[in-house]
Amino acid sequence: MNNFELLAELLLPDIDKKPEYYENLYPARNLPEGARVTRIAPSPTGYLHLGTLFAALVNRITATSTNGVFYTRIEDTDKKREIEGGIEDIIDGLDRFGISIDEGFVSGNEQKGEYGPYQQSYRGEIYQTYVKELIRQGLAYPCFCTSNELEAVRKEQEANKIRTGYHGKWAKHRDITYEEAKALIEQGKSFVVRLKSPGNEENKIVFDDAIKGKIEMPENDEDFVLLKSDGIPTYHFAHAVDDHLMRTTHVLRGDEWISSVPKHIQLFKILGFKPPKYGHISPIMKLDNGAKRKISKRKDPEAAVHFFAEQGYDSECVIDYLMTIAASDFEDWRRCSPDASYKSFKFNLKKMSVSGALFDEVKLIDVSKNRVSKLSSGELYEKITAWAKEFDKDFYSILTKNPQYSKAVFAIDRDGVAKPRKDIAKFSEAKDYFSYLFEELYVPCFQLPENINSYDAKAFLEKYKTVYSADDDRQEWFNKIKTIAPMLNFAAETKEYKANPDAFKGHAGDLSTVLRMAITGRRNTPDLCSIMQVLGKDECIKRIDNVIISL
RNA sequence: GGCCCGGUGGUCAAGAGGCCUAAGACACCGCCCUUUCACGGCGGUAACACGAGUUCGAAUCUCGUCCGGGUCACCA
């Protein structure tokens with residue numbers, strides 16, 4: 001055995017398989033021409049956040065639109081930062097947003113597919129097999145530097161204004177011999193395995209990013225770490241091995257990875273793999289004190305996707321909003337296909353924005369209002385009760401006490417209406433919005449409109465009571481108010497009043513405001529006639545009487 | 001600091017040398033419709049970061065400046 005082979009046996013004595021074993025175990029996928037295999041590879045170091053959801057969406061729709069495969073893989077190689085329940089939160093979160101998963105982790109504790117395991121902490125032997133082969137070929141080597149030593153080197157480089165890093169003559173253990181390594185190991189020293197980079201910083205590599213286009217960068221010459229001292233691979237190495245073995249065709253990930261591409265391409269070449277097509281997604285930004293910055297899990301509540309659930313944004317609305325960021329022509333498409341699933345949208349990576357978009361909740365609200373307005377009362381009832389069950393128990397019990405009544409409430413200005421209202425963007429607004437329609441929530445708060453005195457208000461309500469009928473349709477309902485108007489010197493028609501404002505105290509509309517106030521305690525509401533029908537005669541009379549007494 | 005990427009109204013953006021007197025959407029303002037509000041309709045304010053080139057002609061191509069973002073770990 002030569003020096004390299006001895007080294008390989010010394011470092012990884014338990015590895016007895018060869019790469020060919022895995023190449024055969026995970027054969028090329030049998031997919032139609034043009035099908036793209038994409039993935040999302042989250043690390044369970046936190047909860048599902050907007051950036052991950054966005055990346056998942058882009059990957060999902062890329063696979064869908066090419067009849068490809070979208071899979072999930074858990075990158076849990078950093079055991080120190082891992083949090084409990086991270087996997088469940090991310091995978092189940094994707095499901096809540098309707099991002100279906102073809103392969104890999106399909107729920108918090110269930111994986112499927114032929115290319116697994118889909119969790120890096122269970123793939124140690126695979127990575128080590130490839131590393132061992134690299135060492136055997138003299139393309140990787142053990143490094144015994146401590147973090148203090150590395151830090152010292154970095155300081156020296158900085159002091160001399162030299163590019164920092166473990167490269168060239170700074171790569172201390174690059175040419176370590178078997179004997180040297182053996183001695184250090186016998187002393188109990190721990191080591192990492194580094195790539196013996198064949199790169200030269202003077203050379204340029206060029207690659208065509210699926211989103212950003214042509215990018216040119218210096219070749220990697222850094223002997224970066226492949227295997228950490230605990231035998232677990234770094235992201236870079238795991239990425240190369242996994243995406244090759246899982247036969248990923250397109251790696252669509254956050255653009256913070258762009259600067260690592262030279263490392264990745266180099267690795268694929270050295271390992272004899274065909275590199276995937278890369279596409280780097282611009283981050284979603286946030287305005288912070290006038291400065292744009294990447295949205296942050298720590299600082300921004302909306303970065304954690306739980307924010308949207310708590311607020312009661314419908315998951316479909318959030319996805320639609322995200323699609324408007326992902327594709328500039330999505331909004332036009334949506335206008336033409338209001339009821340279609342976003343999945344049938346013809347998505348094109350090349351059309352994605354190359355600069356990061358600011359997260360705009362105002363726009364989200366607009367998207368949501370449009371979608372929520374299209375829901376039937378039954379659908380709204382399902383969604384709101386589901387939300388309330390989790391986030392507002394009190395409201396939940398009110399809504400479910402009498403489902404028929406609740407649905408009737410939601411049907412106001414909704415079912416069978418050509419242009420439904422767009423008042424509700426998120427379900428947390430519903431409680432206040434409908435409060436006067438539920439006795440548990442209703443708080444009487446009559447206020448006299450400023451252009452009407454209490455005598456007229458009282459007179460109007462008293463007269464109205466005598467003619468009011470719960471069966472009146474909209475037309476008849478308003479006719480009755482119009483009939484009363486002249487008796488109090490109010491114009492029956494608004495036009496009449498506008499033509500001659502000095503001749504009247506106001507118009508029928510002003511009087512309806514009094515009624516509206518008496519019934520709902522608000523100046524602005526959906527159609528009052530419908531509200532009164534839902535409330536029922538007894539309740540309406542009761543509310544009117546209470547106001548009359550107070551006047 | 002080195003290396004990348006980017007810069008069109010407040011926001012998202014269309015734009016591939018003449019179709020640009022720069023589209024559309026959100027937001028904002030006004031008017032109309034109207035039982036209030038909302039919806040809807042009509043209209044309005046508002047942008048090519050700056051400077052040099054190339055060209056008959058530049059938002060578009062080149063260079064420089066400035067500004068913003070990302071990245072330089074045994075984190076992903």
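Quick caveat, the model's predicted, so the values are computed rather than measured. Numbered from 1 within each chain, the chains take letters A, B, ... in sequence-line order.
- The nucleotide B/C39 finds no pairing partner, because no Watson-Crick or G-U wobble arrangement with both distances shorter than 3.5 Å includes it.
- A/Ile215 comes within contact range of the sugar-phosphate backbone alone, with a heavy-atom separation under 4.0 Å but no base atom that close.
- The side chain of A/Phe478 lies closest to B/U35 when the candidates are B/U35, B/C4, B/A76.
- Looking at heavy-atom distances under 4.0 Å, A/Asp510 makes no contact with the nucleic acid at all.
- When heavy atoms are screened at a 4.0 angstrom cut-off, A/Val192 is found touching base atoms of the nucleic acid.
- Across all strands shown, B/U62 forms a Watson-Crick or G-U wobble pair, both distances under 3.5 Å, with B/A52.
- Between B/C5, B/U35, B/C74, one nucleotide has an atom nearer to the side chain of A/Arg194 than all others, and that is B/C74.
- Contacts of A/Arg335 with the nucleic acid, taken as non-hydrogen atoms under 4.0 Å apart, involve only primed sugar atoms and P, OP1 or OP2.
- Applying the Watson-Crick and G-U wobble criteria (two distances, each under 3.5 Å), B/C67 pairs with B/G6.
- When ring centroids are compared, A/Phe359 and A/Tyr321 come within the 6.0 Å threshold.
- Remark: B/C72 base-pairs with B/G1; criterion is Watson-Crick or G-U wobble with both hydrogen-bond distances under 3.5 Å.
- Within the 4.0 Å cut-off from OP1 or OP2 of B/G1, not a single side-chain nitrogen or oxygen of A/Arg163 is found.
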